[in-house]
Amino acid sequence: MRVGVLSLQGGYAAHSALLAGIGHEPVDVRTASALAGVDGLVLPGGESSTMLKLIGFSDLHDPLDAFVRAGRPVLATCAGLILAARRVTGPEQASFGWLDVDVARNAWGRQIESFEASADEGGLPLVFIRAPRLTRVGPGVTAVAHYEGEVVAVRQGPIVGASFHPELAGDATLHRLAFGDPGAP
Ligand code: GLN
């Protein structure tokens, strides 16, 4: 699958490498025309407030909204999850509202308190960097992974969201969940 990676800011390169490693074709997305040529999309980690500004400068707000609302597969990690959420606190911030969850920004600790762990389910490595906490998970949203009993990854139809950075641990579980597994290239 041609999977776009929103490449305005933040940790997009590691997502592209991981997607290529499992046989997808990653495409940097910085413009609406690049978005028009992909079948799925990764919203990476980074700084969500900066990403929102750059989405505005790049005239990508409406094209992104239309792309996701058309039901295409999406993986939103960390700052990407913040963009996708219904409501954002800590501080409050605009968001697209694609995913029926609320998040509190930076609520897993500051940069200096970044940490690595494993999901309660075992196996799945979790890298938290100023990560958002899921403060509400809507009824149509399925929990995919927990950490210390708290939901840290979710799925709502074609949208998968995670509060951590799977790409920094080199783990493609959520990429496969969102975009399928074409097999090694
Ligand atoms: N704290 C960042 C934000 O609010 C997210 C951090 C991350 O993506 N690692 O956007």
Side-chain angles (χ1 to χ4, degrees), residues 3-19 26 28-30 40-58 60-61 64-65 68 73-119 124-137 141 143-148 150-156 159-175 177-179:
V3 181
V5 181
L6 188 66
S7 302
L8 300 173
Q9 191 267 340
Y12 51 86
H15 277 290
S16 296
L18 204 57
L19 286 164
D28 286 355
V29 169
R30 296 190 178 88
L41 185 68
V42 174
L43 300 162
E47 176 53 44
S48 56
S49 56
T50 307
M51 258 186 234
L52 272 177
K53 280 186 200 141
L54 295 174
I55 285 168
F57 294 150
S58 311
L60 270 168
H61 184 280
L64 281 174
D65 200 39
V68 179
V74 172
L75 172 60
T77 62
C78 208
L81 175 69
I82 297 169
L83 297 184
R86 179 76 33 97
R87 188 163 166 262
V88 178
T89 56
E92 283 189 18
Q93 184 169 283
S95 58
F96 284 95
W98 300 314
L99 201 50
D100 187 20
V101 300
D102 297 343
V103 297
R105 296 175 64 202
N106 305 318
W108 280 110
R110 297 177 306 156
Q111 188 92 20
I112 199 165
E113 292 149 356
S114 299
F115 64 101
E116 292 182 37
S118 287
L124 190 64
L126 312 174
V127 178
F128 289 97
I129 305 171
R130 296 199 306 124
R133 244 179 160 121
L134 286 153
T135 53
R136 185 189 64 86
V137 175
V141 180
V144 169
H146 297 79
Y147 174 62
E148 293 187 340
E150 264 189 57
V151 178
V152 292
V154 293
R155 173 172 209 164
Q156 180 189 322
I159 308 177
V160 176
S163 55
F164 53 92
H165 283 262
E167 79 289 2
L168 294 183
D171 186 286
T173 305
L174 296 184
H175 298 71
L177 186 63
F179 307 117

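Hydrogens, waters and symmetry mates play no part in the numbers below; they use all other heavy atoms, side chains included. We count ligands from 1, going down the list as the structure has it; atoms in each ligand are counted the same way.
Although no hydrogens or angles enter the test, the distance criterion places no donor-acceptor pair under 3.5 Å between the side chain of Gln9 and the main chain of Thr50. At distances below 3.5 Å, not a single donor-acceptor pair connects side-chain atoms of Ser7 with backbone N or O atoms of Tyr12. Ser48 places no side-chain N or O within 3.5 Å of a backbone atom of Leu83 that could act as its donor or acceptor partner.
Side-chain contact between Arg87 and Arg136: absent, with no pair of heavy atoms (C-beta onward) separated by less than 4.5 Å. Looking at heavy atoms from C-beta onward, Ser95 lies out of side-chain contact with Arg86 at the 4.5 angstrom threshold.
Phe96 pairs in a side chain to side chain contact (heavy atoms under 4.5 Å, CB included) with only one of the listed residues (Val68, Asp65, Leu43), which is Asp65.
Contacts between His165 and ligand 1 below 4.0 angstrom, taking non-hydrogen atoms only, involve the side chain exclusively.
Residue contact check: Gly45 has heavy atoms under 4.0 Å from atoms 8 (O) of ligand 1. Near Ser48, meaning under 4.0 Å from one of its heavy atoms, ligand 1 places the atoms 3 (C), 4 (O), 10 (O). The distance from ligand 1 to the heavy atoms of Asn106 drops below 4.0 Å at these ligand atoms: 1 (N), 2 (C), 4 (O). Of all atoms in ligand 1, numbered sequentially from 1 with element shown, those under 4.0 Å from a heavy atom of Ile82 are 3 (C), 4 (O), 10 (O).
Ring pair Phe164/Tyr147: centre-to-centre distance not below 6.0 Å.
Ligand 1 has no nitrogen or oxygen under 3.5 angstrom from a nitrogen or oxygen of Thr77. At a 3.5 angstrom cut-off on N or O pairs, Ile129 counts as close to ligand 1. Where the criterion is an N or O separation shorter than 3.5 Å, residue side chain and backbone included, Arg130 meets it with respect to ligand 1.
Proximity annotation for atom 2 (C) of ligand 1: of Ala79, Pro44, Gly46, Gly46 comes nearest, heavy atoms only.
Nearest to atom 4 (O) of ligand 1 among the protein's heavy atoms is Arg105 NE, 2.7 Å. At the top of the distance list for atom 7 (C) of ligand 1, counting protein heavy atoms only, stands Cys78 SG, 2.8 Å.
The shortest separation from a heavy atom of Gln93 to ligand 1 is not under 4.0 Å, leaving the residue out of contact.
For the residue pair Ile129 and His165, the shortest heavy atom distance occurs at CD1-CD2, 4.0 Å.
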